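Take a look at the structure set out below.
Just so it is clear: chains get the letters A, B, ... in the order the sequence lines come, proteins before strands, and each one is counted from 1. This is a predicted model, so every value here is computed, not measured.
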2 protein chains.
Amino acid sequence: MKGSTGTMLLTLLSRQPLYGYEMLRELERRSEGVFSLKEGTLYPILHSMEGEGWVEAYWEAVNGRNRKYYRITDKGGRILNEKKAEWALFRNAVDSVIGEGGV
Amino acid sequence: MKGSTGTMLLTLLSRQPLYGYEMLRELERRSEGVFSLKEGTLYPILHSMEGEGWVEAYWEAVNGRNRKYYRITDKGGRILNEKKAEWALFRNAVDSVIGEGGV
DNA sequence: TTTTTATACATAGTATTGCTATGCATAGAA
DNA sequence: TTCTATGCATAGCAATACTATGTATAAAAA
């Protein structure tokens, strides 16, 4: 795994607010087991994105447990669009280079 | 850029031996300008791949200039196949997570 | 003729990214 | 009462790629 983790996390949050632990399982499920982030990878990224103003956090107690939920901000939404475009460019460029149908 | 540089370089070398400077331009051309590696990125990768036994180097003088050509080894060919499979897995997983048609 | 540009390889230092390991704390199941 | 799952967090390390810089030569431009 290298790169686009932030893009994937922002995408998950663009659908609905999630808390960290939930993101780990959601990412694993949607990638069919390919991405199983560890907490040590996830939380620093979330803190960093919060510092950038891409996401906002709020605590909520559910079933007697404290969960820190994250929601995407307007700025985060704009960044997500940029990152998705970057990913498409990157992916297509790699495919052009390594693909059988290369120029 | 994050990751798959080695895969792309091995792919180029799987077609024909190339020297470093040539790889820079070839990568840029095939990716339509998306990847413009700098020497400071390329040469350490080549040295590392040589150390792993994925490529072999030999010097050749052409037009009065010394060029260090690299050719892919059998081992490098096997690694390339693995890396291509990894890339496909990674790419598809990212697309599953961020794609509109997500589960 | 001299300067600039392109060619050609190389290393040092730094930033980013993500991993492993570890710590703390609680709810629920065994 | 002990283990497992949940839940957030930081420290330290490894890999990756970038910037900056150095050396050297051929060809083109001034």
Side-chain angles (χ1 to χ4, degrees), chain A residues 1-10 12-13 17-29 31 34-52 54-70 79 83 86-87 90 93-94 97, chain B residues 1-10 12-13 17-29 31 34-52 54-70 79 83 86-87 90 93-94 97:
Chain A
M1 283 208 48
K2 33 208 93 135
S4 38
T5 313
T7 310
M8 293 193 284
L9 294 176
L10 280 178
L12 297 184
L13 294 179
L18 298 168
Y19 58 99
Y21 199 80
E22 198 177 13
M23 284 182 231
L24 295 179
R25 283 176 293 123
E26 188 66 8
L27 188 61
E28 187 155 15
R29 190 180 70 77
S31 70
V34 174
F35 301 124
S36 51
L37 284 199
K38 296 301 156 31
E39 288 96 326
T41 304
L42 175 69
Y43 291 114
I45 294 177
L46 289 177
H47 299 162
S48 154
M49 294 202 302
E50 192 182 8
E52 297 283 351
W54 301 350
V55 300
E56 288 169 345
Y58 57 96
W59 286 90
E60 206 166 297
V62 181
N63 299 330
R65 299 199 71 96
N66 282 320
R67 292 169 175 172
K68 193 172 179 180
Y69 279 85
Y70 289 85
I79 296 290
K83 283 181 170 288
E86 274 172 34
W87 162 253
F90 173 77
V94 173
V97 175
Chain B
M1 283 208 51
K2 34 209 86 140
S4 37
T5 313
T7 310
M8 292 192 286
L9 294 176
L10 281 178
L12 296 184
L13 294 179
L18 298 168
Y19 57 98
Y21 198 81
E22 198 176 15
M23 285 182 230
L24 295 179
R25 284 177 291 123
E26 187 66 7
L27 188 60
E28 188 156 14
R29 191 180 69 78
S31 70
V34 174
F35 301 123
S36 52
L37 285 199
K38 296 300 155 32
E39 289 97 326
T41 302
L42 175 70
Y43 292 114
I45 293 177
L46 290 176
H47 299 161
S48 154
M49 295 202 301
E50 192 181 8
E52 298 284 350
W54 301 349
V55 300
E56 289 170 345
Y58 56 97
W59 286 91
E60 205 167 298
V62 182
N63 298 330
R65 301 198 70 96
N66 282 322
R67 293 169 173 172
K68 193 172 179 180
Y69 279 85
Y70 288 86
I79 295 289
K83 283 181 171 289
E86 274 171 34
W87 162 252
F90 173 77
V94 173
V97 175

Separation of [X] atom [atom1] from [N] atom [atom2], in whole Å?
X       : N      : atom1 : atom2 : answer
B:Ile45 : C:dT11 : CD1   : P     : 14 Å
B:Leu42 : D:dT21 : CG    : C1'   : 17 Å
B:Lys68 : D:dA24 : NZ    : C1'   : 16 Å
A:Lys83 : C:dT16 : NZ    : P     : 12 Å
B:Phe90 : C:dT17 : CZ    : P     : 13 Å
A:Glu60 : D:dG7  : CD    : C1'   : 15 Å
B:Leu37 : C:dC9  : CG    : C1'   : 15 Å
A:Asn66 : C:dC24 : CG    : P     : 19 Å

Report yes if at least one side-chain N or O of [X] is closer than 4.0 Å to OP1 or OP2 of [N]; otherwise report no.
X       : N      : result
A:His47 : D:dC8  : no
B:Lys38 : D:dT21 : no
A:Arg65 : C:dT26 : no
A:Thr5  : C:dG18 : yes
B:Tyr21 : C:dT7  : yes

Fill in: A:Met23 to A:Leu12 - nearest heavy-atom pair and separation
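Closest pair (atom of A:Met23, atom of A:Leu12, distance): O-CD1, 4.1 Å.
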
Worksheet entry | Most 5' of A:Glu39 and B:Gly20 on DNA chain C, judged by nearest nucleotide |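 Final value for this comparison: B:Gly20.
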
Worksheet entry | Toward the 5' end of DNA chain D, by each residue's nearest nucleotide, A:Pro44 or A:Arg67 |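 Counting from the 5' end, the first nearest nucleotide belongs to A:Arg67.
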
Worksheet item: Are the charged groups of A:Lys83 and A:Glu86 less than 4.0 angstrom apart, N to O?
Response: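 Salt bridge between A:Lys83 and A:Glu86, a charged N being under 4.0 Å from a carboxylate O: no.
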
Worksheet entry | A:Arg25 and A:Glu28 ion-paired at < 4.0 Å |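 No, A:Arg25 and A:Glu28 are not salt-bridged.
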
Worksheet entry | Atom pair CG/CG of B:Leu24 and B:Leu42 - distance to nearest 0.5 Å |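 Reported value, rounded in 0.5 Å steps: 5.0 Å.
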
Item to complete: Describe the nucleic acid contact of B:Gly40 in one word from base, sugar-phosphate, nothing, applying a heavy-atom distance below 4.0 Å.
Response: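 It contacts base atoms.
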
Worksheet item: Relative to each other, are the rings of A:Tyr69 and A:Tyr58 parallel, tilted or perpendicular (30° and 60° limits)?
Response: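 The rings of A:Tyr69 and A:Tyr58 lie parallel, inter-plane angle below 30°.
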
